[in-house]
Number of protein chains: 2
Amino acid sequence: MTAREQNLSESLEDYLETIFLLIREHAVARSRDIAARLHVNKSSVTGALQALAERALVNYEPYGYVTLTPAGAAAAQKVLRRHEALRDFLVKVLSIDAAEADANACRMEHAVSKTVVDRLVEFAEFVETCPRAGAKWIRGFGYRCQEAAAMPEKKECARCIEQCLDEVKSQETPGATKTVSTTLSKLKPGERARIDKIAGTGPVARRIADMGVTKGSLVDVVRVAPLGDPIDVKIKGYHLSLRKEEAAGIAVTRLAQA
Amino acid sequence: MTAREQNLSESLEDYLETIFLLIREHAVARSRDIAARLHVNKSSVTGALQALAERALVNYEPYGYVTLTPAGAAAAQKVLRRHEALRDFLVKVLSIDAAEADANACRMEHAVSKTVVDRLVEFAEFVETCPRAGAKWIRGFGYRCQEAAAMPEKKECARCIEQCLDEVKSQETPGATKTVSTTLSKLKPGERARIDKIAGTGPVARRIADMGVTKGSLVDVVRVAPLGDPIDVKIKGYHLSLRKEEAAGIAVTRLAQA
DNA sequence: TCAATATGTTCGCTTAACCTAACTTTTAGG
DNA sequence: CCTAAAAGTTAGGTTAAGCGAACATATTGA
Ligand SMILES: [Mn+2]
Ligand SMILES: [Mn+2]
Ligand SMILES: [Mn+2]
Ligand SMILES: [Mn+2]
């Protein structure tokens with residue numbers, strides 16, 4: 001449903017995605033680079049840009065710079081979210097190697113409904129988070145895939161159980177889980193936290209609520225600008241840029257790195 | 001890569017898949033029914049059949065019956081395996097509802113490489129099989145998705161841990177795992193088993209080996225013909241029809257139902 | 001048996017996404 | 001400042017997938 005939701009063909013979605021990424025990387029998207037990334041002829045790019053301009057997704061005039069309209073940027077980000085969610089799932093959960101995961105993700109991204117992507121994101125989080133599943137468990141699957149011969153299943157499963165017992169025990173020990181409460185604005189790039197409370201009811205609170213973010217959701221800090229403003233985070237697969245004051249209103253519990 | 005592997009477009013893959021299923025269901029594939037299933041005009045079906053005939057994937061002549069050539073049947077089964085693997089993953093692991101899972105699977109099936117499908121099948125098996133993960137664990141995720149409100153995360157996780165301990169304990173109790181060794185030919189439809197040994201080196205053994213089936217692989221019995229011959233099974237996502245004598249050469253351990 | 005209906009095909013046309021070749025504009029070095 | 005080279009566009013063509021209308025064949029039940 002996704003591609004059709006906005007009457008955007010797979011092809012046009014890829015153009016949008018590519019333009020968005022090029023702008024992010026090089027500040028500007030040149031026709032030449034779009035062509036190179038998508039492995040198409042430059043005349044095909046012109047055609048696509050005209051199609052996107054007709055749909056008011058890009059600002060285009062011959063020989064001029066190409067920029068995304070707000071609608072275009074929004075559409076591009078949706079595609080990108082699907083791409084990243086699928087890629088991360090393939091890499092982190094299924095242990096597919098990076099290149100193949102990316103290629104598959106970029107084809108699958110046009111085929112999955114929002115429901116499925118949301119669920120996929122949630123599942124990846126669940127796998128990394130649930131004390132019973134845990135990152136180590138999934139790593140066990142990774143090993144099994146990559147070194148199936150070297151690690152016979154029975155042995156792997158026995159190890160599995162041991163780890164499980166250990167982890168469950170340490171989880172149950174009172175005080176073992178020392179929660180470090182803070183706010184989102186205090187985190188550094190690469191850190192992960194669990195959302196405890198979102199203050200206020202402003203546009204940011206609403207935007208976050210629209211993403212299905214609830215009290216227990218995970219948040220990853222992607223990038224923090226020099227003075228801590230803005231702060232780029234990823235929640236439920238969505239990239240989000242928050243003002244420092246907005247981030248300060250979000251109470252979180254810092255988590256151990258994945 | 002998959003769709004392009006054989007220069008088959010997504011559209012033609014869907015035609016093949018549909019023809020295969022119709023033949024299986026109604027013994028014969030009528031143009032009218034193909035059109036209905038794929039929501040296309042009947043003239044489009046004629047066009048597709050001609051394209052498939054050119055590629056020697058169907059036997060086609062105007063107003064005649066349509067059948068699949070061996071190559072066509074093989075291609076159709078590949079598509080179907082991808083479809084089913086994706087659908088089962090979406091339903092069993094991600095708890096997506098049947099209709100949406102099926103629709104998504106039928107779009108995704110054209111986008112995933114063999115590597116990814118294989119891994120997905122393996123993962124679903126792992127999730128259902130690993131004593132640490134177990135079917136109940138994944139059901140926990142299902143609950144979380146469907147009744148998120150009714151079942152706050154903390155409670156869910158606590159329950160998770162309890163179940164884990166219980167299961168691990170019962171797994172460790174000596175004698176608790178009473179393995180019932182038998183052969184594939186003795187199983188009934190719906191039963192699941194783990195492969196222990198494949199006797200012989202004939203074409204069947206080779207065919208099975210080509211699927212990446214190893215000693216620990218799961219096998220599900222789909223259908224057994226009146227006199228136990230042939231027996232239809234599903235291994236690693238592949239549907240397979242075995243002669244009774246072939247099945248008798250495969251030693252298995254009967255497992256509890258999923 | 002034979003016409004009405006159901007089923008299937010052909011024809012002509014449309015749209016999307018490509019391509020190549022030729023043309024135009026921009027850019028950047030001498 | 002001027003001219004190649006680079007970048008971008010246009011024109012014209014191909015292929016795939018689909019549609020509707022008109023035509024052809026098959027089925028079937030009165
Ligand atoms: Mn893509
Ligand atoms: Mn992509
Ligand atoms: Mn399909
Ligand atoms: Mn399908």
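Residue numbers begin at 1 in each chain, while the letters A, B, ... track the order of the sequences.
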Subject >> Span of DNA chain D in contact with chain A (heavy atoms, under 4.0 Å) >> reply: dA7(D) to dT10(D)
Original post:
dG8(C) P sits how many Å from Asp33(B) CG, rounded?
Top reply: 8 Å
Subject >> Nearest-Å distance for atom pair CZ/C1', residues Arg30(B) and dA6(C) >> reply: 9 Å
**OP:** Mind calculating the distance between CG (Asn41(B)) and P (dT15(C)) to the nearest angstrom?
**Re:** 17 Å
Original post:
Distance check: side-chain N/O of Gln50(B) vs OP1/OP2 of dT10(C), anything under 4.0 Å?
Top reply: yes
**OP:** Output all residues satisfying salt bridge (Lys or Arg N to Asp or Glu O under 4.0 Å) with Arg24(A), sequence neighbours left out; order by chain, then residue number.
**Re:** none
Pairs under 3.5 Å (N/O, protein and nucleotides 22-26 of chain C):
residue : atom : partner  : partner atom : Å
dT24(C) : O2   : Tyr63(A) : OH           : 3.3

Original post:
Taking Arg87(B) for the side chain and Ala105(B) for the main chain, is one N or O donor matched with an acceptor at less than 3.5 Å?
Top reply: no
Subject >> d(CG, Leu49(B); P, dT7(C)) in whole Å >> reply: 16 Å
Original post:
Just checking Tyr60(B): base, sugar-phosphate only, or nothing, at a heavy-atom cut-off of under 4.0 Å?
Top reply: sugar-phosphate
Subject >> side chain to side chain donor-acceptor pair (under 3.5 Å) involving Tyr238(B) - partner list, sequence neighbours excluded >> reply: Arg81(B), Lys114(B)
**OP:** Nearest-nucleotide wise, let me know which of Val40(A) and Glu61(B) is further upstream toward the 5' end of DNA chain C.
**Re:** Glu61(B)
**OP:** Would you mind reading off the distance between Glu54(A) atom CD and dA16(C) atom C1', rounded to a whole angstrom?
**Re:** 12 Å
**OP:** Take atom CZ of Arg207(B) as the centre, draw a 6.0 Å sphere, and report whether it contains more than 12 heavy atoms from other residues, nucleotides or ligands.
**Re:** yes
Original post:
Under 3.5 Å, is there an N or O donor on one side and an acceptor on the other linking the side chain of Ser43(A) and the base of dT20(C)?
Top reply: yes
Original post:
Within the structure shown, what part of the strands sits under 4.0 Å from Tyr65(B) by heavy-atom distance: base, sugar-phosphate, or nothing?
Top reply: nothing
Original post:
Who pairs with Ser241(B) by side chain to side chain contact (heavy atoms under 4.5 Å, CB included), at least two apart in sequence or on another chain?
Top reply: Pro230(B), Asp232(B)
Original post:
Checking all strands, does Thr46(B) fall into the base, sugar-phosphate, or nothing category for heavy-atom contacts under 4.0 angstrom?
Top reply: base
Original post:
Can we call the ring centroids of Tyr60(B) and Tyr15(B) under 6.0 Å apart?
Top reply: no
Subject >> Separation of dA17(C) C1' from Leu12(A) CG (nearest whole Å) >> reply: 9 Å
Original post:
Going by atom types only, do His239(A) and Gln77(A) share a side-chain donor-acceptor pair under 3.5 Å?
Top reply: no
**OP:** Mind calculating the distance between CG (Leu52(B)) and C1' (dT9(C)) to the nearest angstrom?
**Re:** 16 Å
**OP:** Would you mind listing every salt bridge (Lys or Arg N to Asp or Glu O under 4.0 Å) that reaches into residues 35-52 of chain B, with sequence neighbours excluded?
**Re:** Glu25(B)-Arg37(B)
Original post:
Asp14(A) has an atom CG; how far is it from atom P of dA17(C), in whole Å?
Top reply: 11 Å
**OP:** Identify which nucleotide among dG8(C), dC18(C), dA16(C) has an atom closest to any side-chain atom of Arg55(A), counting heavy atoms from C-beta outward.
**Re:** dA16(C)
Original post:
Phe89(B) vs Phe123(A) aromatic rings, parallel, tilted or perpendicular, using cut-offs 30° and 60°?
Top reply: perpendicular
Subject >> Close side-chain approach of Leu120(A) and Leu86(A), heavy atoms under 4.5 Å >> reply: yes
